[in-house]
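Remarks on the structure that follows.
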Amino acid sequence: MSRSTIMDGNSYRVGESSAAAETEAMVERRTRLLGPSYRLFYSNPVHLVRGSGTYLYDSDGVEYLDMYNNVASLGHAHPRVVEAMAAQAGTLNTHTRYLHEAILDYTEDLLSTMPAEIGQVMYQCTGSEANDLALRVAAAYTGGTGVIVTSEAYHGTSGLTSAVSPALGSGQTLGLEVRTVPGPDTYRTAPELVGEKLAADIRAAIADLAKYGVKFSAFLADSVFSSDGVAADPAGFLRPAFDAVHEAGGVWIADEVQPGFGRLGPRMWGFSRHDIVPDIVTMGKPMGNGIPVSGMAARPEVLEPFATGIPYFNTFGGNPVAISAAQAVLDVLRDEGLPERAAVVGDQLRAAIRSVGDARIGDVRGAGQFTGVEIVSDPELKTADGQTALALVNALREHRVLTSTAGPHNNVLKVRPPLSFQEHDIDRFTDALAAALADVPVR
């Protein structure tokens, strides 16, 4: 059976579970009805029934601190999003083949947060669809089909995007015209060399595509390399890679599904940390605070060959209810100053994690409310320890804190709370982390 870093690292496994009989029965029913492809977090799965802000509640009323959720990015059940969505649902919900002003107002608002060169937006329902369309747009613009991604990238579940998502595991065959490069390792590579190494790897991949007669089309990258283990610093390190892509006539697609909408703070977009202007920007999960809406924004000249040659329609993409939720998200981000708060509180959180003082915490890195905590067995050799990291995730769950892992060795705790996370939540997390570290034996 194939294993996937993002799907099978922190997951329930039959026969290895610590779940109660009632939970096991629900898992069996789920498997029978939904089939075996789905996965559940934790060796003892969590049965959630309610969410509010940064907190989730299970069927017994137990409260959990959510340190992982980037879907309800503003916070669970944010009242302004709920109110906007409900009001629009009670008025009109149709599709984009009728005129509707809200989508135009929202698009102008969204584009105002991006560089001036990004001038047009097309709407979908999921990040997978946005990345799928971006790959098609890039191919139409460049005339090429070769795509480069990082070695633990995840970009979606459609036919095109699963073929550029090595994190889905060995059971998912990558496209023949896809090449992978190692994700940036800012822990083991000198800061001044991180960008140059990525650029050199991209150039080598482009050369390999050419060797087989494949014209390079696009480099598709999550702007914080979340599945690769989180790489945010040094700010600006993407510039050499960006230049390498354009020198070869390719398109840079910034996948902002995870780092976008103020997540990395204080700016709205992850790519902004590197002072680059992508050719295409894709958005998803946090765009509607959990309501299915996504988008692909592009430079008009990059979009033109596709858009003038192929009519595009997405039945539910950009529908009035979804757009009302998306508009509420932008309004709340500004009104509550969430990107700016993410930057301040995120720095405080990382400092607090470092102060826990356990040698197994090899590195704490990130930006805004996106933190990677690298777990190692030998801090001097920087030896990745996925076994301990997964044990910590399950121990944290027992201390009522929810998070997961990332990276090629599943040894990076991916700490990504809703933007409602505040200073008073920091002690709760670090106390739980210290307790979890005490629970997990040193290997």
Side-chain angles (χ1 to χ4, degrees), residues 70 110-119 127 130-131 134 138 147-155 181-203 205-206 218-248 250-284 286 296-299 302 339-340 342-343 346-347 350 363 365-372 406 416:
N70 193 42
L110 179 66
L111 288 173
S112 75
T113 71
M114 294 188 179
E117 294 89 339
I118 306 293
N131 282 327
V147 178
I148 300 171
V149 295
T150 52
S151 57
E152 292 297 326
Y154 171 71
H155 295 293
V181 296
D185 187 342
T186 59
Y187 179 38
R188 297 170 181 83
T189 306
E192 66 275 13
L193 299 179
V194 172
E196 294 297 341
K197 182 180 185 307
L198 180 60
D201 289 339
I202 288 172
R203 289 191 176 96
I206 293 170
F219 178 63
L220 171 58
D222 161 0
S223 300
V224 75
F225 300 92
S226 53
S227 296
D228 290 280
V230 184
D233 288 316
F237 81 76
L238 286 182
R239 170 56 68 175
F242 182 79
D243 291 342
V245 167
H246 282 163
E247 286 165 9
V251 164
W252 185 286
I253 304 173
D255 183 338
E256 291 282 325
V257 171
Q258 296 198 57
F261 290 96
R263 167 63 52 185
L264 302 189
R267 301 183 187 181
M268 188 70 77
W269 306 106
F271 64 78
S272 299
R273 288 179 52 78
H274 301 281
D275 292 321
I276 61 174
V277 180
D279 302 291
I280 300 173
V281 180
T282 57
M283 299 153 276
M296 184 209 71
R299 296 174 184 252
V302 173
E340 295 81 6
D347 284 344
R350 283 181 286 280
D363 191 35
R365 55 182 178 265
Q369 283 300 358
F370 210 129
T371 298
R416 185 190 52 179

So do the side chains of [X] and [Y] get within less than 4.5 Å of each other, counting heavy atoms only?
X	Y	answer
Lys197	Pro182	yes
Thr186	Asp233	no
Trp252	Val302	no
Arg263	Gln369	yes
Met296	Val281	no
Val230	Val224	yes
Leu198	Val181	yes

| message | Whether the Ser227 and Glu152 side chains hold a donor-acceptor pair (N or O, under 3.5 Å, no angle test) is what I'd like checked. | response | no

| Do Asp275 and Arg267 sit within salt-bridge range, that is, some charged N less than 4.0 Å from a carboxylate O? |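 Yes, Asp275 and Arg267 are salt-bridged.
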
Under 3.5 Å, side chain of [X] to main-chain N/O of [Y], donor-acceptor pair present?
X	Y	answer
Asp363	Tyr187	no
Arg273	Ala232	yes
Glu196	Pro240	no
Arg365	Gly229	yes
Arg416	Gly372	no
Asn70	Gln258	yes
His274	Phe237	yes

| Checking side-chain contact (heavy atoms from CB on, under 4.5 Å) for the pair Leu110/Met283: CA distance, chi angles, key distance, verdict? | CA-CA 11 Å; Leu110 179 66; Met283 299 153 276; 4.0 Å; yes

Ignoring hydrogens, what is the shortest heavy-atom contact between [X] and [Y]? Give both atom names and the distance.
X	Y	answer
Gly260	Pro286	O-CG, 4.4 Å
Gly270	Leu264	CA-CD1, 3.6 Å
Asn131	Leu220	OD1-CD1, 3.9 Å

| task | Apply side-chain contact (heavy atoms from CB on, under 4.5 Å) to Asp222 and Val257, showing your working. | result | CA-CA 8 Å; Asp222 161 0; Val257 171; over 6 Å; no

| Would you call the rings of Phe242 and His246 parallel, tilted or perpendicular, where under 30° means parallel and over 60° means perpendicular? |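 Phe242 and His246: perpendicular rings.
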
| Hey, which of Thr282, Val149, Val147 is the one that makes side-chain contact (heavy atoms from CB on, under 4.5 Å) with His155? | Val149

| task | Report the C-alpha separation of Trp269 and Thr113 in whole Å, then their side-chain angles, then the decisive distance to 0.1 Å, and conclude whether the side chain to side chain donor-acceptor pair (under 3.5 Å) test is met. | result | CA-CA 8 Å; Trp269 306 106; Thr113 71; 3.1 Å; yes

